[in-house]
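Take a look at the structure below.
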Amino acid sequence: MSDTIEAPAPALDVPAIASGMLIDGAIVAGEAFIEVVNPATGLPFALAPDATRAQLDRAVAAARRAFPAWAATPIEERRATVQRIAARLREHADAIGALLTAEQGKPLRDAIGETRRAADHMEALVALDISGQLLRDDGKERVWIRHRPLGVVGGITPWNVPVILAMVKVAQALYTGNTLVLKPSPFTPLSTLAVGQAIADVVPAGVVNFVSGGNDLGAWITGHPDIAKISFTGSVATGRRVMESAAGTFKRVTLELGGNDPAIVLPDVDIDAAAEGIVRSTFANCGQVCMAIKRVYLHSAIRDAMIAAMAEKVRAIRIGPGDDPASTMGPIQNRMQFEKVAALIDAVRNTPGAEIVTGGTVHRGGGYFIEPAIVTGLSDDSPLVRDEQFGPVMPVMVYDDIEDAIARANATEFGLGGSVWTRDVAAGQAIAERIEAGSVWVNRHLGNAKDVPFGGAKYSGYGREQGVAGMLSYTEMQAVAVPVA
Ligand code: NAD
């Protein structure tokens, strides 16, 4: 059987859309442009502004000007502004979702769903109580903690879930009294820019700014002297550069980076329910989720039954263009990522003892489609197990001794998430708590509510986003002591 399907290259689309950036309350046209590619065709279909250094400086200056008044705005009013932004997202979810599908690839219902979920997340975040704390009032002295905003926050987002990741940063920055300059990924700028157009009249000028461009723009943001904090979501390699460049101006940094999350399946598991949950949490968004399941460790007693049950569910996934209602999985988002996943599958084919149980066909010549795959027979040091694949390929390993499974789950630089699947919740919890990761689950993986702090251990990140802990990372703690007369 051939592992590659060649398709004729379709005719070239003419780039059509030029979206403007939100700078100082106005929609500003680009002076230079980047091409945006539709991953379902592999062809450019739109242009987005490639912000100049001067345009970034204007955005940062506007955010800095807007900061004192915004920081002094009562928190109820800041909450109401975030709620108005959320309402605009819902109002324009169909149009923003269509752009998101075109540039990111995910099925349209998922793209519209992402836009609506972004609105839900924003509302949940501004419901959190982030007030200060009275430490002492003993008749002599009152001592309390308050949380002051930092100034201008620089937000940098990746291409996998661009609308949610951007809007979570908007909600956190604004609710805590900061202003924001945010840069989406050059692969998926249009949906974020469309949000900017949708919200321009419900946010005071300069409080939110969206600028698009390439990686240079990201480095300009992280090095900018007038930016106080960077909230970065992306890869480990870029996260390291962000941390280095923030050192010069002592920027506060939150890094949400990659993961290689293990799922450990115990022998007593409910096979069908676990297969359903594990497949969903591995292949969501075509496997391009930071805290997706990326390695599965099965107890040998249930190996065959679990693989059969998971394979059946994977075969039911329908890959295709996101604008085809029959598609339940879109293409991989960009060519580089597509080639990386294709190379990992090639390496599996050349590994003695490895078997592709289902899927793995790489479609070439058009969009970046790969049939979702389950792979067995790999050792823990093979690239598909060791590295973050960030694509629709699930490696399945076997264990006999739970201590061995835990050690192998932890034998990684990553530490974003991990899960244990079992009918014995107490046993599952005890094992889950031994996984060296920022989030662990029993009989579930992904999908925390926004009051739950999220972030990574080890190389998967630095700090937290969401929850009260994440919110407060957008603030500086101030201890105040006054004598009581
Ligand atoms: P990436 O690191 O290549 O890019 C992320 C962003 O950083 C983009 O906007 C990019 O333009 C910008 N950038 C690039 N070079 C920069 C520099 N020198 N300085 C500042 N910014 C720069 O990541 P990606 O390929 O877009 O995203 C995929 C990765 O993101 C995966 O590793 C995934 O696990 C991770 N991710 C993590 C989370 C999380 O919350 N932990 C969520 C989603 C994705």
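As the structure lists them, so they are numbered: ligands from 1, and atoms in each ligand from 1. Note that the structure is predicted; figures quoted are calculated from it, not measured.
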Contact table ligand 1 N or O to protein N or O, d under 3.5 Å:
| unit_1 | atom_1 | unit_2 | atom_2 | d |
| --- | --- | --- | --- | --- |
| ligand 1 | 2 (O) | Ser235 | N | 2.9 |
| ligand 1 | 2 (O) | Ser235 | OG | 2.7 |
| ligand 1 | 2 (O) | Thr238 | OG1 | 2.7 |
| ligand 1 | 9 (O) | Thr157 | O | 2.7 |
| ligand 1 | 9 (O) | Lys183 | NZ | 3.0 |
| ligand 1 | 11 (O) | Lys183 | NZ | 2.7 |
| ligand 1 | 11 (O) | Asn215 | OD1 | 2.8 |
| ligand 1 | 19 (N) | Ala219 | N | 3.4 |
| ligand 1 | 23 (O) | Ser235 | N | 3.4 |
| ligand 1 | 25 (O) | Trp159 | NE1 | 3.0 |
| ligand 1 | 26 (O) | Trp159 | NE1 | 3.1 |
| ligand 1 | 30 (O) | Gly234 | O | 3.2 |
| ligand 1 | 32 (O) | Glu388 | OE1 | 2.8 |
| ligand 1 | 34 (O) | Glu388 | OE2 | 2.7 |
| ligand 1 | 41 (N) | Leu257 | N | 3.3 |
| ligand 1 | 41 (N) | Leu257 | O | 2.7 |

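- Every ring pair (Phe, Tyr, Trp, His ring centres under 6.0 Å) that Tyr399 has, sequence neighbours left out, goes to His299.
- For residues 182-191, the set of pairs meeting the salt bridge (charged side-chain N to carboxylate O under 4.0 Å, His left out) definition, not counting sequence neighbours, is empty.
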task: For Arg65 and Asp24, run salt bridge (charged side-chain N to carboxylate O under 4.0 Å, His left out): C-alpha distance rounded to whole Å, both residues' side-chain angles, the deciding distance at 0.1 Å, then the answer.
output: CA-CA 9 Å; Arg65 262 194 320 277; Asp24 201 8; 3.0 Å; yes

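- Note on Arg364 versus Glu339: salt bridge recorded, some NZ/NE/NH1/NH2 to OD/OE distance being below 4.0 Å.
- In terms of heavy atoms, Pro49 sits closest to Gly30 at CB-CA, 3.6 Å.
- For Trp70, there are no ring pair (Phe, Tyr, Trp, His ring centres under 6.0 Å) partners at least two apart in sequence or on another chain.
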